Amino acid sequence: MALIKKTQPAPKQAPDRSMMITGDITRAYLDSILVEERLIGAELADIRTVIFGREYSSPVMMPAFSHLPSYAEGRYTGLVEYSIAAKELNILNWIGMSDNETYGTIALTGADTVRIIKPYADHTKILDRIAFAEAHDAVAVGMDIDHTFGRNGGYDVVIGEQMGPQSKDDLKEYIASTKLPFIIKGVLSLRDAAACAELGVGGIVVSHHHGSMPYALPPLMILPEIVKELEGTGIEIFADCGMDTGSDVFKAVALGAKAVSVGRAMLPALQEGGTEGVKAKITQMNNELIRMLSFTGFRTPGEADATVLWKDGKPMA
Ligand SMILES: Cc1cc2nc3c(=O)[nH]c(=O)nc-3n(C[C@H](O)[C@H](O)[C@H](O)COP(=O)(O)O)c2cc1C
């Protein structure tokens, strides 16, 4: 029997429907939270926020992004443009997967930056990137532990780089290697939150990384429980996923987040307007956050709490 030659390229993986469902669930959860008004005696709110001892103009932060497509025929990388916006607006900048050369370019913008490092199988890469970030004045370093596993039944491979599991001892080694606060990005359970406290991390991001696991909990659903779990530890608690408006940010801070990152919702503004587009988007979110805080009688994001939030016809707290 003649052998059938395989000349066809392997079929492309089908779109990740479960990832889209996770996004929809997260959006629906955010939109299911309603807000009461408390106007008598209310004054205009002030949204300045202190993170890791530094004051920023708002609790809205840049996302830990990487491998963005090139913008404006390669004149922009995207990462540099939003980092400049962070510097000019005085908000905290975040950068995701990056080699040291790229990180050096970001550091040159002068933005206060958190560097999130991938869970590389080769741990020397992690230690090297932590040391480089510290030498280039990063505010904090961390790891997106939710990018360990891929969709192909194995550890993920990201732009040709092999990811691998990270034990508690591995994380301890990274934390001990730097004077900077270490952030675990991708905490979505009380179990991991408690482990973070035990490890002595400086911060966590309550996040599902825009759906790296199907049917992941919306971050704001578990956030209040995590806040309770970490009470008194001094760990900074951040959140992301689906943040698009000042109202989303308001709900996150009212449920206990210190600050939030705006990810994909910022992309159209970045693509169309570069630095100025990002600045306009963040300013719009800041203004809406001021309005939400003022309407609910809170003077600062830190004062906001869940007593003004309603869900399914009942107060949330
Ligand atoms: C193009 C792109 C690149 C990303 N790269 C990284 C990364 O390198 N490191 C990381 O921790 N998260 C990365 N993320 C995840 C975001 O930081 C964020 O957790 C996620 O997009 C959820 O927020 P959003 O719903 O506001 O987009 C990336 C997301 C996108 C869309």
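Atoms within each ligand, like the ligands themselves, are counted from 1 in listed order. Just so it is clear, the structure is predicted and the values come from calculations on it, not from any experiment.
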Taking atom types as modelled, is there a side-chain donor on [X] or [Y] under 3.5 Å from an acceptor on the other?
X    : Y    : result
T283 : N286 : no
T22  : H208 : no
S167 : D169 : no

Protein contact of [atom] - nearest heavy atom, named by residue and atom, plus distance:
atom                    : result
atom 17 (O) of ligand 1 : A64 O, 2.9 Å
atom 25 (O) of ligand 1 : R264 NH2, 2.6 Å
atom 19 (O) of ligand 1 : D240 OD2, 2.6 Å
atom 5 (N) of ligand 1  : S66 OG, 2.8 Å
atom 11 (O) of ligand 1 : K185 NZ, 2.9 Å

Which of the numbered atoms in ligand 1 are under 4.0 angstrom from any heavy atom belonging to [X]?
X    : value
G96  : 7 (C), 8 (O), 9 (N)
F65  : 2 (C), 3 (C), 4 (C), 5 (N), 28 (C), 29 (C), 30 (C), 31 (C)
I116 : 11 (O)

For ligand 1, is there an atom lying under 4.0 Å from some heavy atom of A265? no

Does ligand 1 have an atom that lies less than 4.0 angstrom from a heavy atom of K118? yes

Going by distance only, is there an N or O of G263 that falls short of 3.5 Å from an N or O of ligand 1? yes

G242, any N or O under 3.5 Å of ligand 1 N or O: yes

Can you establish whether the number of heavy atoms outside R48 located under 6.0 Å from its atom CZ is more than 12? no

Option passing salt bridge (charged side-chain N to carboxylate O under 4.0 Å, His left out) with D244 (candidates R264, K281, R27): K281

Side chain, backbone, both or neither: M97 near ligand 1, heavy atoms under 4.0 Å: both

Considering only heavy atoms, does S207 approach ligand 1 within less than 4.0 Å through its side chain, its backbone, both, or neither? side chain

Donor-acceptor contact present, side-chain D144 to main-chain D146, <3.5 Å: no

Expected output: side-chain T245 to main-chain S247 donor-acceptor under 3.5 Å: yes

Take Y174 and L127, measure what side chain to side chain contact (heavy atoms under 4.5 Å, CB included) needs, and give me the verdict at the end. CA-CA 6 Å; Y174 310 144; L127 291 163; 3.8 Å; yes

Proximity winner for atom 20 (C) of ligand 1, if only heavy atoms of R115, H67, H210 are counted: H210

Under 30°, 30 to 60°, or over 60°: which ring-plane class applies to F298 and F250, parallel, tilted or perpendicular? tilted

I116 versus V205: any side-chain heavy-atom pair under 4.5 Å? no

